[in-house]
Q: 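Mind having a look at this structure? Questions to follow.
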Amino acid sequence: MKKTMFRGALILVFLLIPVVAISQGMVQGTITDNNGLPVPGANIVVKGTTNGTTSDFDGIYEISIDGFPSTLVFSSLGYSTREIQVSSASTLDVILEESVMGLDEVVVSGLASSVKRRNLANAVATVSAAELAGVTPPKTLDGALAGKFTGAVVNANSGAPGGGMSIKFRGVTSINGNSQPLYIVDGVYVDNSSISSGGLNAVSQASGGGNPSSQDNATNRIADINPDDIANIEILKGASAAAIYGSRGAAGVVIITTKKGQAGKTKVNLTQGFGFNQVIRLQGQRNWSEALAESEFGEGALYAAALSSGRLRDYEEEIFGEEGLISNTNLSASGGNDKTTFFAGITNNDEDGIVKNTGYKKTSFRLNVEHNFNTNIKLSLNSNYISSVADRGFFNNDNSGTTIGVALTSTRPWDYLLPDANGNYPDHPNNSSNPLQTRDLMTNSERVNRFILGGSLDVNLYSKQNSNLKLVTRAGVDSYNMEAKVIFPKELQFQRPDQGGVNGVSAITNTNNKNANYSAFLVHNYFTDNDLSFNTQVGATNEHFSRNTVSVVASDLIASETNVDQGANQNVNQNRLEQEDMGFFVQETVNYQDKLIGTLGLRGDKSTNNGDINKFFYYPKASIAANLNNFGFWGDGSFMNRLKLRAAYGEAGTFAAFGSLYTVYQSTLVDGNVGIVVPLTQGNPEISPERQKELEIGFDMGILDERLGLELTWYQKRVDDLLLLANTEPSTGFSTKWENAGELENTGVEIALNASIVNKENFSWDATLNWWKNTSEMVRMDIPAYNTGGFGTGLGTFRIEEGKSVTQIVGTNVDGDLVQLGDAEPDFQTSLFNNINYKNFSLSFLWHWKKGGDNVNLTKLLSDFGGTSADYDEISLDPGGTIPNGVYRVNNGIFAGNATPFVEDASYLRLREIGLYYKVPSKHLTDWFGDVISDVKVGFSGNNIINIFDYNSYDPEVSNFGGNGLSTGVEVTPFPSSKRYMMHISVQF
């Protein structure tokens, strides 16, 4: 009663005062959306100040205001911002309209600052939680990004459980250096390495041919991150945006923000998904007959006997025909009060592979806590523990004929390979390996335990009417242990000494990795009376990176022992990496009434990985954006609602490959004495980081009351001081040497069209159409052209050559001339995402079309050698129309030194995601469960369930060499990709 009287008296005083007076009061209310549902976590800020709060889970807010009149700014991700002037303490309920264009979402503009998208001068892509995992649960985080924004090539290197992806933003940014983006999770630099097991290559001998890099397609560590924990992802694709990360930003930056708690009563969410997966496409069998088996192999009688006894078998179906079961369980809780909020979640993923004895299991636990000591000090702590096990089989390149994929290419349907009643497998009559025996008895298991911890402390040092100063400090650590265990028991056909084997192989590869990063920033905001604002930030960063990998490979195993110390022969390899980076960053942003927004920044870096560890390398950035719609050139009712012109320039770097600064000597034994072997490659202490310089210009527009939005960007990106492996004079004692000896250029166009096609009370339809294209060129080379990244010109390989595409594929033709046969770079890519809602039903789907881009398909060549290719007897390749495909590829291809038949168009059209869901009406839940259950949603979804391509193998999306700079497009008997079908139910308590 007293409180009511006080408020009434206060209002009366305001009515009686003839001039504006400074006073204090409380404004409170509820924030809802168009449908009357509460909007939790909405931001409420007093305009021109740092005084703000957020709404609780029920959309309720309360904010204390120092002086009236004031303007309150209400904003939330996915909604249009509203500004409302308040002249007194009062109850103010606010409705926020959904924003299809996302103009008011906040994106990164510096290491400690952000900016609204409507004022952004860079083409920064954002992926929300709903876009990331709301349609269907992704296999891995990086795989969930495919087709969802412009300017990227997201490629599945392998279909094996546990992932294995590569992502390239705006073309190839490095040939020998890092080409994968930097990942930041809640301010923590997280590792995304692919670390191979020494045991696989020891058996397959894959690294003995072609590219010396790993060819067993290890998982990449960003797959550990749980997509269900993520609230938002921002992708800094180019140097103009990524310059704030200096020497680690050239390949782009992916900034991940995980979910936070909201003040209010605790909410519990339980989500369960069940499903299965299938191979996308099988190659099929050759059209066998008794006559064909006799003419090809002299085994017509064996074929007839197998046919009459019902023992003909499709071994491709036997190997890849499993329907692996999938179970995804996620339980989370969030809540808190005005002082402390929390989000806790635990997820368990269990997915069998399409090959027996393969699968992926992952358990992830997350706890995020935020605590406000007072209005000026906020502490945020984020923690994540991940435990995973991946069983990935034995596939990809093979120089010993032992992998499951290579053995399958020589397997005919009349070969009998099944075990007898005692579990004994027969030898393969046509190959050194029985693929069923290898599948059933070998072990390739990768176990990871990982902790990611991060924290930040924000301190408002002072706050006045027109200025404020904030200190931001951050620290993070990413630590994991990965143990890869490989066992090839002596019972395997190719391990037996009488078959030339080594009597069993056991290998353990143990990796301990730790990244730690620390930073501190001062952020100053200054506001003038005419809405001219200045944002200044300055800070320092320090990062430590440490990795130790020890691999022990043992052979000639004793009895049935699998311990590496029980082998008669052991080989030990160790690889260590220690690096420390230090840097500083300054940035100034000036905003004039949201009309003109300009930014200048400079990053300075030094590192122990540079030739001179005390030398700073500097990376500038500059940008400007002009919101023409804020100049009053047209009225509020105009056809044109928004038009922004923008331009940005930035520089970023890529560190030299670890070890290229020095010459790595190796040990040897000479007559029993320890000696040193000088390698063929000489280190270079003068190596500098590769430097990327990018200019980006574009415009954004909105018409028809923002029902239609268009973003168009053109960029040109040059990479100077390109790190290349150059030939040296033989007199030096070396054959090659690392040098900064080239310059490449990427030019591209990105277009994004967003549309709110229908926006009715019970029916809405939103769509996003993306189109992007990149063209690369090696504009300068200080060394002769050379081939890399393949298996030689007779099969097709990449060639680094001045004036040509960086991703060109060359090979010898039928005349023996070295010619360009293709290019791994797509002609263009486009994607179409639709989200349709009708009453309580929602349907979402994503189509992805990749036009052009070529692969080197060596899987088909190997099946030709084995005489098993499904199209072996078809006549479609021979220009004369007489020679069957299999004979043509072998005799007129590999044996003729002609690589032309092996380079194929890798275009595809793919339904990447589709999901149909039904939300149970709230009134039914209240009738059934009272207040216990507040939300229930059921539905089903799919990944890659429609795939249209002419590529003559399992999937055109493949890479034998993993995530290396020139990796995309080389295929050698991979683990095939799969499609997934899922059913879901989610319940909120």
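When a residue number appears, it is its place in the shown sequence, counting from 1.
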Q: How far apart are the closest heavy atoms of Gln180 and Ala251, and which atoms are they?
A: O-CB, 3.4 Å

Q: How far apart are the closest heavy atoms of Leu600 and Ala622, and which atoms are they?
A: CD2-CB, 3.5 Å

Q: Shortest non-hydrogen contact from Ala121 to Ala648?
A: O-CB, 3.8 Å

Q: Salt bridge or not between Lys237 and Glu750? Use side-chain N to carboxylate O under 4.0 Å.
A: yes

Q: Parallel, tilted or perpendicular for Phe534 and Tyr526, by the 30°/60° rule?
A: tilted

Q: Can you measure from CG (Asp823) to OG1 (Thr807) and round to the nearest 0.5 angstrom?
A: 3.5 Å

Q: Looking at Ser776 and Glu825, what are the two nearest heavy atoms and their distance?
A: OG-OE1, 4.4 Å

Q: Yes or no on side-chain hydrogen bond (donor to acceptor under 3.5 Å, both in side chains) for Thr736 and Thr681, after CA distance, side-chain angles and deciding distance?
A: CA-CA 5 Å; Thr736 54; Thr681 300; 2.9 Å; yes

Q: What I'd like to find out is whether the side chain of Ile184 reaches to under 4.5 Å of the side chain of Ile256, using heavy atoms alone.
A: no

Q: Rounded to the nearest 0.5 Å, what's the gap from CG on Leu680 to OG1 on Thr663? Could you check?
A: 11.5 Å

Q: Is the closest side-chain heavy-atom distance between Ile809 and Phe798 below 4.5 Å?
A: yes

Q: Using a strict threshold of under 4.0 Å (side-chain N to carboxylate O), is an ion pair present between Asp612 and Lys606?
A: no

Q: Taking the side chain as every heavy atom from C-beta outward, state whether Asp581 and Asn542 have any pair of such atoms under 4.5 Å apart.
A: no

Q: Report the distance from atom OG of Ser519 to atom CZ of Phe584, rounding to the nearest 0.5 Å.
A: 15.0 Å

Q: Check each of Lys514, Glu580, Glu578 against Ser546 using the side chain to side chain donor-acceptor pair (under 3.5 Å) test, and report the only one that passes.
A: Glu578

Q: Begin with the C-alpha distance, continue with both residues' side-chain angles, and end with the deciding distance and a verdict on side chain to side chain contact (heavy atoms under 4.5 Å, CB included) for Leu236 and Tyr245.
A: CA-CA 10 Å; Leu236 312 184; Tyr245 290 94; 4.1 Å; yes

Q: When you measure from the side chain of Glu801 to the backbone N and O of Ala785, does any donor-acceptor pair fall under 3.5 Å?
A: no

Q: Does Arg691 qualify as a cation-pi partner of Phe655, given the criterion of NZ or CZ under 6.0 Å from the six-membered ring centre and within 45 degrees of its axis?
A: no

Q: Which atom names give the shortest non-hydrogen contact between Phe169 and Pro181, and what distance separates them?
A: CE1-CB, 3.6 Å

Q: Quick one about Tyr619 and Asp605 (side-chain donor to acceptor, distance below 3.5 Å, no hydrogens or angles considered), yes or no?
A: no

Q: Are the side chains of Thr589 and Gln537 in touch, meaning some heavy atoms are under 4.5 Å apart?
A: no

Q: Distance-only, no hydrogens or angles: does the Asn746 side chain make a donor-acceptor pair with backbone N or O of Val172 under 3.5 Å?
A: yes

Q: Could Arg718 and Asp720 be called an ion pair, given the rule that one side-chain N must be under 4.0 Å from one carboxylate O?
A: no

Q: For a quick check under 3.5 Å, do His524 and Tyr462 share a side-chain donor-acceptor pair by atom type?
A: yes

Q: Using modelled atom types and a 3.5 Å cut-off, is there a donor and acceptor pairing between side-chain atoms of Lys470 and backbone atoms of Leu461?
A: no

Q: For a side chain to side chain contact (heavy atoms under 4.5 Å, CB included) check, start with the C-alpha distance between Ser193 and Arg547, then their side-chain angles and the critical distance, and finish with the verdict.
A: CA-CA 10 Å; Ser193 300; Arg547 180 185 304 145; 2.3 Å; yes

Q: Could you measure the distance from the OH atom of Tyr715 to the CZ atom of Arg170? Nearest 0.5 Å is fine.
A: 6.0 Å

Q: Strictly by modelled atom types, are Asn513 and Thr511 linked by a side-chain donor-acceptor pair under 3.5 Å?
A: no

Q: For Ile687 and Asn740: C-alpha separation, side-chain torsions, deciding distance, then whether side chain to side chain contact (heavy atoms under 4.5 Å, CB included) applies.
A: CA-CA 6 Å; Ile687 285 290; Asn740 297 110; 3.8 Å; yes

Q: Contact between Ile800 and Ile175 at the side-chain level, heavy atoms closer than 4.5 Å - yes or no?
A: yes

Q: Examine the side chains of Asn548 and Asn512 and answer whether a donor and an acceptor come within less than 3.5 Å of each other.
A: no

Q: What pair of heavy atoms forms the shortest contact from Ala123 to Thr713, and how long is it?
A: CB-OG1, 3.5 Å

Q: Can you find a heavy atom in the side chain of Trp738 that is under 4.5 Å from one in the side chain of Asn176?
A: yes

Q: Hey, are Ser607 and Asn609 close enough side-chain-wise for a donor-acceptor pair under 3.5 Å?
A: no

Q: Ignoring hydrogens and geometry beyond distance, is a side-chain donor-acceptor pair present between Asn515 and Asn517 at under 3.5 Å?
A: no

Q: Passes side-chain hydrogen bond (donor to acceptor under 3.5 Å, both in side chains), Gln579 versus Thr608? Steps please.
A: CA-CA 6 Å; Gln579 182 173 337; Thr608 58; 5.6 Å; no

Q: Under 3.5 Å, is there a donor-acceptor pair between the Asn535 and Asn591 side chains?
A: no

Q: Are side-chain N/O atoms of Thr219 and Arg221 paired as donor and acceptor at under 3.5 Å?
A: yes

Q: Answer yes or no: is there an ion pair linking Arg646 with Asp700, defined by an N-O contact shorter than 4.0 Å?
A: yes

Q: Taking atom types as modelled, is there a side-chain donor on Asp594 or Asn119 under 3.5 Å from an acceptor on the other?
A: yes

Q: Phe699 and Trp714: side chain to side chain contact (heavy atoms under 4.5 Å, CB included), yes or no, with the steps?
A: CA-CA 9 Å; Phe699 69 85; Trp714 173 90; over 6 Å; no

Q: Report yes or no: do Asn220 and Ser194 form a side-chain donor-acceptor pair below 3.5 Å?
A: no

Q: Would you call Glu777 and Lys804 a salt bridge, taking side-chain N to carboxylate O under 4.0 Å as the test?
A: no

Q: Side-chain contact test, heavy atoms from C-beta onward, threshold under 4.5 Å: evaluate it for Ile167 versus Val153 and give yes or no.
A: no

Q: Given 3.5 Å as the limit, does a donor-acceptor pair link the side chain of Glu690 with the main chain of Leu723, or not?
A: yes

Q: Do Asp186 side-chain atoms and Thr258 backbone N/O form a donor-acceptor pair below 3.5 Å?
A: yes

Q: Between Lys621 and Tyr649, is any pair of side-chain heavy atoms under 4.5 Å apart?
A: no

Q: Would the distance check show the side chain of Thr797 and the main-chain N or O of Thr788 forming a donor-acceptor pair, the cut-off being under 3.5 Å?
A: yes

Q: First locate atom CD of Glu234, then atom CG of Asn122, and finally report the distance between them rounded to the nearest 0.5 Å.
A: 11.5 Å

Q: Working to the nearest 0.5 angstrom, can you tell me the gap between Lys717 NZ and Glu651 CD?
A: 13.5 Å

